Amino acid sequence: MKVRRTRTAALLGASLVCASALTACGQAASANTINLYSAPEENLQHNVDRCNAKAAGKYNIVYHKLPRDADGQREQMVRRLAAGDPGMDLLYLDVTWTGEFAEAKWVREWTGADEAEVEQDTLPGPLETATWQGKLYAAPKNTNVQLLWYRKDLVPEPPETWHEMISTAQRLEQEGKPHWITLTGAQFEGLYVHYNTLLESAGGHVLGEDGKTAVVDQGAVRGLEALRDLGNAGVTSPGMNNAEEDDARQEFETGQSAFELNWPFVYASMQEEKPELAKKVGWARVPGLDAGVPSKSTIGGANYAVSSYSTKPELSFEAAKCLRDKESQEFSAINDGVPPTIESLYGDPELQAEYPMHETILQALKDPGMRPVTPAAQNVSTVLSNMLSPIAEIDPQATAERMRREVQNALESKGVMP
């Protein structure tokens, strides 16, 4: 079986294209050049080449790689867009950036036939990440959702609830068996993702529906309690508080863990790096908080948006539609390990062969957890990640009260971000 590239490999080789973040890289390009600014993806150039061939000279997409890390990607684009740079046409947006870029009027709305084409057969969750105040501002390129990866030789059936997962790990520890629960506990977006999954699973909210008011309700408090319980259960590794996605992947591959909460990219890595371990690993939806109530795992992914300052918007919309069509998404799913946003692709035999967990991914995507869409998403994420780390020190009620204050300040851009 062909093994998909890991997320880590897909991100290697990132480089800045411009000598200055404010340089209009496309100024001297021909009239039909579409400058695509995207996160590094090892095989994205294949889709670029296919779309250029299909366009037959109508447009020519030039792929410019943004920095490897999400903060660096956003910073470079924000600086150039704030300067009204016409050298950017097509933008790769993390799913959390839609509200910010739309509210700032940096990206164009998708309307008419373009909007209809994007909405056709696209899963509702990914489509929601591309929407702000009822309008579509981006085209979902790929999605993502975390799963529970578990050792079938240690746990015949996956735990249904968070509490069951913790108690099972404690039992395994008492038996002298691998027992760690591996997750991304570092102070960054990945920790916020775990928390958002828990509060969404509890029916909670941190923000109001308008995206401009902090609420932090009882469901949000339950999410804090669940994280605290894990932090104090004695079943995480010594390095958990510093672990990001690839750190968690490597930790699970040591064989000391019974459970891992992570994205599907870990499957390809296990097949390639630890094939014997991979034979012992199963997958399931992330545990929920209540028996009989499925969790709502927070979705990730990326969308394509057209810059408001592009001098070739019509061609940019056309290029974006090609880069996220069924053929492009299937290729990226198989070769770069990023699940598609187009629902019918999950019935494709070739994709199913590469994603044996495709049914579990689709189930989670049809009932997802959503991070709040707000123009202040970056501020909110930074504040929450700071307050959640380390998880063992969470005081649910006191932390919730602090959240209400500091998240409201973040929404209003007050104070100093941690």
Side-chain angles (χ1 to χ4, degrees), residues 14-40 44 48 58-112 114-115 118 129-141 211-212 302-324 373-382 410-413 417:
S15 62
L16 295 180
V17 174
C18 307
S20 166
L22 295 178
T23 301
C25 301
Q27 284 180 339
S30 62
N32 70 341
T33 296
I34 302 299
N35 287 304
L36 164 66
Y37 283 80
S38 175
L44 179 56
V48 169
K58 187 175 182 180
Y59 59 73
N60 182 59
I61 304 167
V62 177
Y63 171 26
H64 303 281
K65 291 179 181 178
L66 292 167
R68 172 178 173 175
D69 64 291
D71 287 345
Q73 294 162 19
R74 175 184 168 275
E75 180 180 2
Q76 185 177 130
M77 287 194 291
V78 164
R79 286 181 176 179
R80 296 183 62 177
L81 291 167
D85 188 346
M88 305 175 79
D89 300 300
L90 199 51
L91 311 175
Y92 167 108
L93 302 187
D94 185 278
V95 292
T96 63
W97 300 342
T98 304
E100 177 187 8
F101 281 57
E103 187 78 0
K105 303 188 186 303
W106 290 332
V107 294
R108 297 172 185 262
E109 181 186 353
W110 288 67
T111 59
D114 292 332
E115 178 185 19
V118 167
T129 70
T131 303
W132 171 242
Q133 295 186 337
K135 297 179 180 180
L136 187 68
Y137 283 96
K141 169 196 174 291
K212 298 178 181 180
N303 305 321
Y304 283 133
V306 175
S307 169
S308 296
Y309 304 107
S310 171
T311 58
K312 295 149 282 188
E314 293 80 9
L315 293 179
S316 297
F317 280 116
E318 191 167 336
K321 288 188 294 183
C322 181
L323 287 172
R324 57 86 57 194
V373 179
T374 170
Q378 189 74 15
N379 289 352
V380 171
S381 172
T382 300
L411 292 170
E412 298 173 4
S413 297
M417 292 298 104

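The shown structure was predicted, so the numbers you read here are calculated from the model rather than taken from an experiment.
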Heavy-atom closest contact (Trp132 atom, Tyr137 atom, distance): O-CE1, 3.6 Å
Inter-residue atom distance Glu115.CD - Lys135.NZ, 0.5 Å rounding: 10.5 Å
Criterion side chain to side chain contact (heavy atoms under 4.5 Å, CB included) on Tyr59 and Glu318, from CA distance to verdict: CA-CA 9 Å; Tyr59 59 73; Glu318 191 167 336; 4.0 Å; yes
Lys/Arg-Asp/Glu bridge criterion (N-O < 4.0 Å) met for Arg74, Asp94: no
Matching residue for Tyr37 among Arg80, Gln76, Lys65 - test: side chain to side chain donor-acceptor pair (under 3.5 Å): Arg80
Backbone N/O of Ala377 and side chain of Ser381: donor-acceptor pair under 3.5 Å: no
Heavy-atom check, side chain of Asn303 versus side chain of Thr129, under 4.5 Å: yes
Verdict with supporting geometry, Arg79 and Asp85, side chain to side chain contact (heavy atoms under 4.5 Å, CB included): CA-CA 9 Å; Arg79 286 181 176 179; Asp85 188 346; over 6 Å; no
Value rounded to 0.5 Å, distance of CD in Gln133 from CD in Glu103: 5.5 Å
Min side-chain heavy-atom separation Gln73-Tyr92 under 4.5 Å: yes
Approximate separation, where rounding is to 0.5 Å, of Leu36 CG and Ile61 CD1: 7.0 Å
Step-by-step side chain to side chain contact (heavy atoms under 4.5 Å, CB included) determination, Asn379 to Leu411: CA-CA 7 Å; Asn379 289 352; Leu411 292 170; over 6 Å; no
Chi angles and distances behind the side chain to side chain contact (heavy atoms under 4.5 Å, CB included) call for Trp106, Glu100: CA-CA 9 Å; Trp106 290 332; Glu100 177 187 8; 4.2 Å; yes
For Trp110 against Ala320, the heavy-atom pair lying closest together: CH2-CB, 3.7 Å
Heavy-atom pair of closest approach, residues Val118 and Pro140: CG1-CD, 3.7 Å
Glu314 CD to Lys58 NZ distance, which is reported to the nearest 0.5 Å: 10.0 Å
Closest heavy-atom pair and its distance - Met88, Ser307: O-CB, 3.3 Å
Interatomic spacing from OH in Tyr309 to NZ in Lys105 - rounded to 0.5 Å: 10.0 Å
Gap between atom CG of Leu91 and atom CG of Leu66 - 0.5 Å precision: 8.5 Å
Shortest non-hydrogen contact between Pro86 and Thr311, atoms and distance: CB-CG2, 4.3 Å
Name of the residue among Asp89, Thr33, Ile34, Leu90 meeting side chain to side chain contact (heavy atoms under 4.5 Å, CB included) with Val62: Thr33
Exercise: identify the closest heavy-atom pair between Val107 and Ala305: CG1-CB, 3.6 Å
